[in-house]
Each structure stands twice: as C-alpha cells, then as structure tokens.
Amino acid sequence: MHKETELKLRASRETLAALREHPLLKKRNKSGWQTRELLNQYFDTPERDLSAARVALRLRRDGEVIIQTLKCRGQSVAGLSERNEYEWHLDKVKLDLKKLDATCWPEQLAELDKKTIKPLFTTDFTREYAEISWGRGKAKVVIEAALDQGFVIAGKRKEEICELELELREGAPEALLELAAELSASVALMPCDISKAERGYRLLDENSYELDLPASELDAEMPLDDAYAALAWQLLGSSQRLAEQYRHNGHWRLLQDWVRCLAELRALTASLGQAAPRPVTRALRASLDALLEDWRPLVQAGNDDEDIRRAAPEQFAEELQDPRWGQFSLETARWLTARAWTVERKGRGERQGKAQLASWLHHQLGEEARALKLPLYVQRPEDLAEQLPRIEGILAWLHHARQVLDVPQQDRLYGELNKLHELAEQALGEENQDELLEARIEQARAIEQNRAWKQLLKA
C-alpha cells in the first residue's frame with residue numbers, strides 16, 4: 001500500500017497543448033514528455049456496494065503490464081486528494097479476487113460475495129507524462145505531471161477525459177498547489193476532485209456524484225481560527241463540486257448554490273475583524289467580489305426569467321475557459337493551507353483568533369445585530385439594501401455555526417433573516433415600491449420580536 005497525493009485539474013485540449021510547452025514545466029522537466037496508452041476496466045456489484053464503501057476496483061493494461069488496483073477514498077478538499085492505494089501485478093486481464101483480503105478490503109464489505117463483482121465501465125485514455133522537479137527551500141520536490149486525453153464509457157454513454165493530473169512523488173503537498181497556482185495564472189485550469197471512476201458512476205447514475213461535503217464539525221470551545229478554516233475549506237470545496245456538476249448538467253439550482261457558497265465565504269471572511277486583518281484578506285475579498293459582481297445579478301435575474309436560465313450554462317462554460325475561476329480556487333486553497341490570515345496580526349487580533357468559538361460568535365452576532373439598527377429601517381425601509389453585507393454575515397454564521405450558540409428560536413431567526421435578505425435584494429420600482437416597502441417593514445418587525453434576536457441584542 002502507498003498513499004497517493006494528487007491534484008486533478010480539468011482543462012481543454014488547447015490548454016493541454018499549451019502545457020506541453022509551458023515555460024515553467026519546461027524549466028523543471030527532468031525526463032521529457034513520454035506517452036503511454038492506459039486501458040482501464042472498473043468493477044462493482046450490480047448494487048454498487050464498492051462505490052457505497054468509497055472504494056474503486058480497477059484493472060489496468062499499461063502496454064504489456066496488467067495491474068489490479070484498489071483505491072480507498074480518503075481526504076479530498078478543494079481538488080487536492082489523499083487516499084490509500086493497493087496494487088498487484090497480474091499475469092492476465094482477469095480480477096484476482098484472492099488479493100482482496102482483510103489487509104486491504106474494507107470491513108464494511110466483509111460479508112460481500114465477491115463473485116458478484118462485475119465490469120461496469122471503462123476509462124481509456126492517452127497519458128503524456130513527465131517528471132517535474134525543483135528545489136523548494138532546502139527540500140526537493142518531485143511531481144509527476146500527466147496530460148490525460150480519452151473517454152469514460154459506460155454502456156452507450158460517454159464523457160471526454162481532458163485533464164492535468166499532478167501527483168506528488170517527493171516533497172510537501174503544498175508544492176502541488178503552488179505549481180498548479182503558478183500554471184493557472186496563464187492557462188484555464190479547473191480544480192476538480194471528481195475522479196475518473198466517479199465520472200463513470202455518474203454516467204450510470206446522474207445522482208451518484210455527491211455535491212455536499214461532510215459538514216464541518218464545530219464545537220463551542222474550538223478556536224475561531226480553526227472554525228473559520230474548517231468552514232472556508234468546506235465552502236471552497238463545495239463551490240468546486242457545484243461548478244463541476246453545473247458544467248456537466250446545467251441544472252439551475254446548482255448555479256444558485258454555487259453563488260451562495262461564494263457569498264458565504266465572502267461574508268465569513270469579512271466578519272473576522274482583527275482576527276483577519278483587512279490587508280491579508282484583500283486579495284481573497286477582491287476575487288470573490290469580482291465573481292459575485294458578475295454572477296449574483298445573473299442568478300437573481302434568472303430566478304424569474306427562463307431565457308436567462310437557458311443561456312446561463314453557455315456563459316458558465318465561458319467562465320471556465322478563462323483562468324479566473326481556476327486561479328481563484330487554487331490561490332484560495334494556498335491561502336487557507338498557509339492560514340495566511342494569522343500571519344501578521346498582533347495583540348487583539350491574536351486573542352480573537354484564539355478565542356473560543358461560542359464566546360466570540362455570541363459577542364460578534366450581538367454587535368452585528370445592534371449595528372443593523374432594525375428600528376431605523378422600519379422608518380426608512382427604502383435604504384435597507386445598504387445593510388445587505390451585515391445581514392449576509394449574520395446569516396452565514398447562523399447557517400453554519402448556530403449549534404454552538406445557546407439562544408432560543410435560532411432556526412426561526414435564520415428563516416426570518418433570510419426573508420429580510422430576499423426583500424433587501426429586490427430592486428424598488430414604480431410598480432412594486434409600496435408593496436415591497438411595506439413587506440420590509442413587516443419583516444423587520446417580525447425579527448425584532450424573535451426571542452433569539454432579543455437575546456443577541458443584549459450580548
């Protein structure tokens with residue numbers, strides 16, 4: 001067994017051609033580009049028991065070499081994945097079920113009749129690969145860069161494979177992100193933690209690709225820094241999975257959720273105050289603002305306009321052909337890996353970052369609730385939109401961390417604030433002005449009567 005650490009990046013054929021000649025890879029290429037044909041057959045039971053156990057079983061023909069591989073799904077965040085991999089060289093193209101013993105076989109599959117395992121789909125592709133090596137400080141980094149082109153085929157359905165795969169051979173995992181981020185500055189690379197096996201399963205069952213990452217396990221006593229890191233990684237990873245699936249099927253709800261993830265990441269980052277000094281979050285906030293400036297108005301308009309919804313997948317494809325999305329994703333992953341928001345802060349910011357989450361959050365939401373000044377906007381509902389950033393910050397924390405707060409009626413407060421947010425987003429026009437202003441007033445008053453809101457105001 002060995003641990004596989006890799007980064008998958010979706011690309012176009014034109015991008016793969018450009019990568020072969022990319023100056024950065026040319027400079028660090030120690031082996032030259034080599035080519036091989038990889039023919040892969042994936043196996044599972046008719047009920048997909050292996051997929052449910054998060055393992056992939058494959059036979060690969062690499063020239064005259066035949067390899068049986070069992071991959072166990074490990075940690076996968078924002079495109080960077082780590083997983084255990086078992087390999088056996090075979091004499092013929094036939095599964096050797098005896099290799100799948102207790103040393104590698106998941107315990108949850110112990111009662112499975114392995115004779116029910118059958119071929120499901122293939123992933124056949126041409127791989128151009130090279131050893132990329134350089135010195136990183138006093139350490140050496142060795143990465144295999146692979147340019148893969150081919151197809152996943154499941155019955156009569158197929159999907160193109162066109163990706164750059166970076167696999168760590170020696171050195172720190174951060175080097176994968178550094179190399180990918182440098183490449184993404186000039187070519188469009190989309191971090192994508194969907195494996196070739198997952199693509200095959202998705203061809204068999206559209207709903208097999210999991211969009212939701214496991215919820216961050218927050219507790220009241222954890223430091224604010226750890227809570228923010230966990231939530232930011234979750235939102236970044238979710239945004240990438242949503243982008244991948246929307247690119248694949250164009251379902252409108254996925255684009256809505258993608259924008260929501262970006263907006264929540266922006267709101268959480270902006271809410272940290274001195275725990276994340278503005279100079280160190282400036283680049284992240286600017287990148288998020290640029291994406292939201294383009295896509296949030298489109299989603300808002302598309303919610304009521306079918307023509308906009310129909311045109312959006314093509315516009316999103318154009319977004320992915322630009323380096324912006326990939327560069328944002330990779331640079332944000334680097335920023336989070338380095339916990340860069342903690343580097344230059346001092347004094348009060350350091351104390352806030354190390355404060356227990358429940359204590360900090362109760363104080364933070366109290367300050368934001370008072371600063372929102374709802375009674376003022378009962379009198380001036382036409383100006384409510386100016387408070388959208390503050391409302392979004394409160395909503396983001398209530399969405400992801402309200403389990404650590406000891407106040408009543410939080411779920412109800414979250415729902416009421418969401419309604420206020422929707423009303424604040426709606427533009428005032430001649431036809432709807434009176435009705436919308438009255439709705440804002442009524443909603444603000446409903447929040448003022450909420451028990452959780454009253455308790456936060458006293459915090």
Side-chain angles (χ1 to χ4, degrees), residues 8-12 51 76-79 81 152 154 157 159-163 188-216 231-268 287-322 324-330 332-333 392 395-396 399-400 418 421-422 425:
K8 293 182 182 295
L9 300 144
R10 185 182 288 279
S12 66
S51 176
S76 181
V77 180
S81 64
V152 182
R157 303 190 67 190
E159 179 182 338
E160 185 179 28
I161 296 169
C162 198
E163 65 185 21
L189 295 170
M190 178 183 175
C192 182
D193 67 354
I194 182 171
S195 66
K196 295 179 180 69
E198 284 182 294
R199 293 184 203 180
Y201 282 109
R202 185 170 65 179
L203 289 178
L204 294 168
D205 177 6
E206 191 74 21
N207 297 317
S208 67
Y209 182 52
E210 296 181 12
L211 293 172
D212 295 326
L213 295 172
S216 301
L231 292 175
W233 276 118
Q234 180 184 338
L235 289 168
L236 179 62
S238 294
S239 72
Q240 291 175 350
R241 295 182 77 83
L242 288 162
E244 161 60 29
Q245 191 70 345
Y246 182 69
R247 181 210 63 80
H248 176 70
N249 64 22
H251 291 175
W252 180 249
R253 178 67 187 183
L254 300 174
L255 189 62
Q256 292 175 312
D257 289 344
W258 179 73
V259 168
R260 177 188 54 78
C261 279
L262 299 181
E264 287 190 334
L265 180 56
R266 175 66 171 85
L268 291 176
S287 295
L288 285 164
D289 286 342
L291 286 161
L292 289 169
E293 183 178 349
D294 288 343
W295 287 99
R296 183 146 55 179
L298 184 146
V299 167
Q300 290 169 350
N303 289 335
D304 300 315
D305 191 324
E306 187 175 348
D307 289 338
I308 291 176
R309 295 196 295 272
R310 280 199 295 260
E314 185 176 344
Q315 291 175 259
F316 196 72
E318 292 175 0
E319 172 71 57
L320 300 182
Q321 290 166 8
D322 185 272
R324 178 170 73 166
W325 172 243
Q327 191 167 27
F328 158 76
S329 297
L330 292 162
T332 302
E392 287 172 357
L395 280 170
H399 182 197
H400 293 285
N418 254 324
H421 182 267
E422 291 172 2
E425 280 191 316

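For A333 against L236, the heavy-atom pair with the smallest separation is N-CD2, 3.8 Å. Among all heavy-atom pairs drawn from A312 and W295, the shortest one is O-CH2, 4.4 Å. Closest approach of I308 to A301, counting heavy atoms only: CD1-CB, 3.6 Å. For Q315 against L298, the heavy-atom pair with the smallest separation is NE2-CD1, 3.3 Å. Of all the heavy atoms in P191 and G326, the pair that sits closest is CD-CA, 3.8 Å. The shortest heavy-atom contact between L203 and V152 is CD1-O, 3.6 Å.
With L291 as reference, E319 is the one residue of R296, R266, E319 to meet the side-chain contact (heavy atoms from CB on, under 4.5 Å) rule.
Atoms CG and CG, on D257 and L262 in that order, are 11.0 Å from each other to the nearest 0.5 Å. Annotation: the span from Q245 atom CD to H251 atom NE2 amounts to 8.0 Å, rounded to 0.5 Å. The CZ atom of F328 sits 5.5 Å away from the CG atom of L265 when rounded to the nearest 0.5 Å. In this structure, CZ in R199 is found 9.5 Å from CD in E160, a value given to the nearest 0.5 Å. Here CD of Q256 is found 12.5 Å from SG of C261. Values are rounded to the nearest 0.5 Å. To the nearest 0.5 Å, atom CZ of residue R241 and atom CG of residue L254 are 12.0 Å apart.
Within the 4.5 Å cutoff, side-chain heavy atoms of R202 are placed close to those of I194. Looking only at side-chain heavy atoms (C-beta outward), E198 and S195 come within less than 4.5 Å of each other.
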When you look at R309 and L255, which way does the side chain to side chain contact (heavy atoms under 4.5 Å, CB included) test go after all the steps?
CA-CA 10 Å; R309 295 196 295 272; L255 189 62; over 6 Å; no
E264 and H400: CA distance, side-chain angles, deciding distance, side-chain hydrogen bond (donor to acceptor under 3.5 Å, both in side chains) verdict:
CA-CA 10 Å; E264 287 190 334; H400 293 285; 2.6 Å; yes
Is there a side chain to side chain contact (heavy atoms under 4.5 Å, CB included) between E244 and Y209 once you walk through the steps?
CA-CA 10 Å; E244 161 60 29; Y209 182 52; 3.8 Å; yes
Show, in sequence, the C-alpha distance, side-chain angles and deciding distance for L211 and Y246, and conclude whether the side chain to side chain contact (heavy atoms under 4.5 Å, CB included) test is met.
CA-CA 10 Å; L211 293 172; Y246 182 69; over 6 Å; no
The test is side chain to side chain contact (heavy atoms under 4.5 Å, CB included); show your working for T332 and S287 and say whether it passes.
CA-CA 9 Å; T332 302; S287 295; 5.9 Å; no
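Around atom CD of E318, more than 12 heavy atoms belonging to other residues, nucleotides or ligands sit under 6.0 Å away. Counting non-hydrogen atoms of neighbouring residues, nucleotides and ligands closer than 6.0 angstrom, the CD atom of E206 exceeds 12 such neighbours.
Taking the ring centroids of W258 and W325, they lie under the 6.0 Å cut-off.
At distances below 3.5 Å, not a single donor-acceptor pair connects side-chain atoms of R10 with backbone N or O atoms of M190.
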